[in-house]
Every structure is written in C-alpha cells, then in structure tokens.
*Asks:* 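My questions will all concern the structure given below.
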Amino acid sequence: MAQAKYTTHLGMVDILPDEVRKWQFLENLIREEAATFNFEEIRTPIMEQTELIVRGLGQLTDIVSKEIFSFSRGEDNYVLRPELTAPVVRAFVEHHLDQRGGSQKLFYIGPMFRAERPQKGRQRQFHQFGLEVLGSSDAVADVEVIAFMIHIYNKIGIKNTTLKLNSIGDPDSREKYKEALKAHLKPNFEKLSEISKKRYEKNPLRILDSKEEEDQPFIKNAPVITDYLNEDSLAHYAKVKEYLTDLNIQFEEDPYLVRGMDYYTQTAFELISPDLGAQDALAGGGRYDLLVEEIGGQPTPAVGFAAGMERLLIACEELGIELGSEKKVDVYIVTLGDAARKWGLSQLPKLREKGVSATMDYMGRSMKAQMKDANRENAQYTIIVGENELNEGRFTFRNMKESEESSLSFEEILDKLL
Ligand code: AMP
C-alpha cells in the first residue's frame, strides 16, 4: 500500500470506526454511572487562556513548563487544555454555579493536550473522564469521588487495581514539610538531578515524584509529609480513611505520593494497574481547596479526579475484556434492477422510523456482490427484491444467520422485525 502523504501529528491518534464502538460503549457507561451518582455533565471549550492554566496548575509544573500547546492570535494567548480541573473551576466561577445551591457535582469526558514524549499509554492528544465536586470540604465528597472512580473500573471488570492514598496537607502543614524536606536534601544537593536542583527552592515536593535514577536514594529515606500534618489536616485524612474502610475500599498509604499540579491540598490519590506497564496510572486526583479562590472566585473547597481513557482501553485489552458489540445492521435491502432500487430506497425510512437499522447497496453492484456485502456488514436480515417481487408485492425475507427464507409482504416483514 502506498504511504499516505499526510499523517497525524506525533502523539495524536485517529480513532477508527472499530475502535470508536469501544469508546462509545465506555462513554455511555460513564454517563449512565455518573447519573446514578447524581453527577451532571459539563463541557468546556478545547482552548483556554494561558494565564488560567499557568495560575491554576503552577508555573513550575511539568505540564506548564514543558508540555503546553500554546499559540497567540492578535492580543490573545491560547492554550489547548492540558486537563480539565482548572477549566471547570473557571466555568464554575464565570457562571456563578455556586448559586445553583448545594455542592456542584460535575463530570466530563473529552480530549486533553500535552506535548509529552509519546509512548504506550502516553499521547499528546489523549482523553480523560473525571469528576469534580465543588463546594464541600467534607470527607464524604473525597470518598464519593474515589468510590465513583473505582466503581467504573469494577463495572468494566478491571478489579486488580491499587488505590494509593496520601495527604499533602494544607499550605501551613506543607510549608513545614517543605523546610524539613529541603533540610534532608541539602547535604546531597549537588548529587541531585538537574531537574530536582531546579525544583529544590520553589517546588521541592515535586522532587518526590522524580523518576531520575540519581534522586532515588535521597527520596527513599526522605521525611514523610504525614509527620508534618497539622490537626485539621490529620483529622480530614483520618475521616477519609475511615469512610473508605466503611465502604470496604482498600487503599495503600503512600506518603511520597505527590501529584503533578500545584493546586492540590489535603487528599491526594492515584489508581494504579499492574496491567499497564511503565505508564501504570489509570487515574488520579485529590482535593484542591484553594484553586477557586486562586482564580478569582469565593473560597470554595473542592475535590476531583481525572482518568485516562486510552489507559482504560489498554487495560481492557490486556485483560481480554471485550467492549461494545461488533458492527451490525438489522436489515440490508438487496435489489435487482432500477425499479427495485428505487423501491428499496423508499422503504429504508419506513424501517428506520420503527428503530430498525437498515441499509442498501450504494454502488450499483450485482445481486451476488450485494449478498456478500450484506454478510460483510453483518446484516441480520436481507430483503431481496427483483421485478417479480415488486409485481407481486411479496419479498424474499432472509434470516442471514439461520439461512432461512420466506416470501412475505412488506407489512409482514415489519411485523417480524418489531
Ligand atoms: P493527570 O491529569 O496528570 O493527573 O492524569 C490523570 C490520568 O490521565 C492519568 O492517570 C492517565 O491515565 C491519564 N493521562 C495523563 N497524561 C496522559 C497522556 N499524555 N496520555 C494518555 N493518558 C494520560
């Protein structure tokens, strides 16, 4: 086959029809389950103001410093959204969603963009689904968010997952911890990786997330944040653990778990799958009690998670979980001659109106070729029409799987199909 002249950009992937069926299955499932948890869908634009993302996620995060797709047009600076928490918060503030009363329970599904080095489970355009609860500081919200996340994977059949849990405290606790962490790293500062050296002053917590070999010995015996949590943070963390235990949701505490955005406070979590290889995080999230205020809203506590759709699909494939059904159509009208073709075209709407999916040949093929095409399309039934059938008003109705045929009027066929 000739090489295509135009291809997708690096790390950007076409989702072809056979794959789309799996996506639709997952999207439907997520929407249905979100409704059972009483969450409402929110959709925001693909592009946001650069300033929102920089302020929201933090200047020194990998996403903002290295991975953002940005461009300008006239005076305006745009970025392709790298995640949806900051955009959802922007929408919450912009449209005064707090005035709807209660806590806002929102979910989303859509594409995100990060200029990362592509590999399995890591793309430049990828898709996330996620939840955000705005307006509650109660540990019930943290636990409902986590419960939904795990519920989705369980529902699909991905049960071998590990929930990693940590609290990164409030800013007060975190400041104390940062000092302790810096004091611990200081004697070996010169041995740290270049990137960790850069993070040492302004964002030392991110060093804990470093994948660089030379940093590992110093991370391994670093002080743990949980020893630096103040009373409020400890109490919140204890409640989250208590409620998770009540719900029988197992978790593994990981005091070095920090997340990739600066907006997190208190609870942080990640869902890991052993079936994913190097990129083993299915989903992650946490509290972000200060973000709404940071971008100009009233102080509003919030918690959420985001999950990667591509990684969910990879896990399903690894586990042999089939998603969605194969391609099929209820009826294929096979026609011989112009009059039959005209008749076929005019019957299609009558079938579709009744909810019966129906198609016919678009290419003027022979009857034999049309039957072959009907098989390829996985048609459940064919209606075979030639001049005789038209004259008599009776058509050959064939059950393709059973290879059974009968001669019926169109009304009788409709009766059989419904
Ligand atoms: P994050 O927004 O970084 O917390 O990521 C949440 C989830 O999104 C991760 O656990 C992954 O499943 C998924 N994810 C993040 N970045 C990518 C990417 N570049 N390609 C594919 N999936 C991603």
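Every heavy atom of this structure was used, including side-chain atoms; hydrogens, water molecules and symmetry mates were not. Order of listing sets the numbers, starting from 1, for every ligand and every atom in it.
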*Asks:* Give every residue pair that meets the salt bridge (charged side-chain N to carboxylate O under 4.0 Å, His left out) criterion with at least one member in residues 356-372, sequence neighbours excluded.
*Replies:* R341-D361, D361-R365, R365-D373
*Asks:* Going by an N to O cut-off under 4.0 Å, is there a salt bridge joining E212 and R199?
*Replies:* no
*Asks:* Which pairs of N or O atoms, one from ligand 1 and one from the protein, are separated by less than 3.5 Å, and what is the distance for each pair?
*Replies:*
from: ligand 1; atom 1: 2 (O); to: R114; atom 2: NH2; distance (Å): 2.8
from: ligand 1; atom 1: 2 (O); to: Q128; atom 2: NE2; distance (Å): 3.1
from: ligand 1; atom 1: 3 (O); to: R114; atom 2: NH1; distance (Å): 2.9
from: ligand 1; atom 1: 3 (O); to: R114; atom 2: NH2; distance (Å): 3.4
from: ligand 1; atom 1: 4 (O); to: R259; atom 2: NH2; distance (Å): 2.4
from: ligand 1; atom 1: 5 (O); to: Q128; atom 2: NE2; distance (Å): 3.4
from: ligand 1; atom 1: 8 (O); to: Q128; atom 2: NE2; distance (Å): 3.0
from: ligand 1; atom 1: 10 (O); to: A281; atom 2: O; distance (Å): 3.1
from: ligand 1; atom 1: 10 (O); to: A283; atom 2: N; distance (Å): 3.4
from: ligand 1; atom 1: 12 (O); to: A281; atom 2: O; distance (Å): 3.0
from: ligand 1; atom 1: 12 (O); to: L282; atom 2: O; distance (Å): 2.9
from: ligand 1; atom 1: 12 (O); to: G308; atom 2: N; distance (Å): 3.2
from: ligand 1; atom 1: 16 (N); to: R114; atom 2: NH1; distance (Å): 3.4
from: ligand 1; atom 1: 19 (N); to: E116; atom 2: OE2; distance (Å): 2.5
from: ligand 1; atom 1: 19 (N); to: Q123; atom 2: O; distance (Å): 2.8
from: ligand 1; atom 1: 20 (N); to: Q123; atom 2: N; distance (Å): 2.9

*Asks:* Which atom pairs, one a donor and one an acceptor, fall under 3.5 Å between side chains of residues 294-307 and the rest of the protein, sequence neighbours left out?
*Replies:*
from: E294; atom 1: OE2; to: R55; atom 2: NE; distance (Å): 3.2
from: E294; atom 1: OE2; to: R55; atom 2: NH2; distance (Å): 3.3
from: T300; atom 1: OG1; to: Q298; atom 2: O; distance (Å): 2.7

*Asks:* I'd like to know if K327 and E377 make a salt bridge, using a cut-off of under 4.0 Å between side-chain N and carboxylate O.
*Replies:* yes
*Asks:* Which residue pairs pass the ring-ring contact (aromatic ring centres under 6.0 Å, His included) test with at least one member in residues 144-175, sequence neighbours excluded?
*Replies:* F37-F148, F37-H151
*Asks:* Is the distance between the ring centroids of F107 and F39 under 6.0 Å?
*Replies:* no
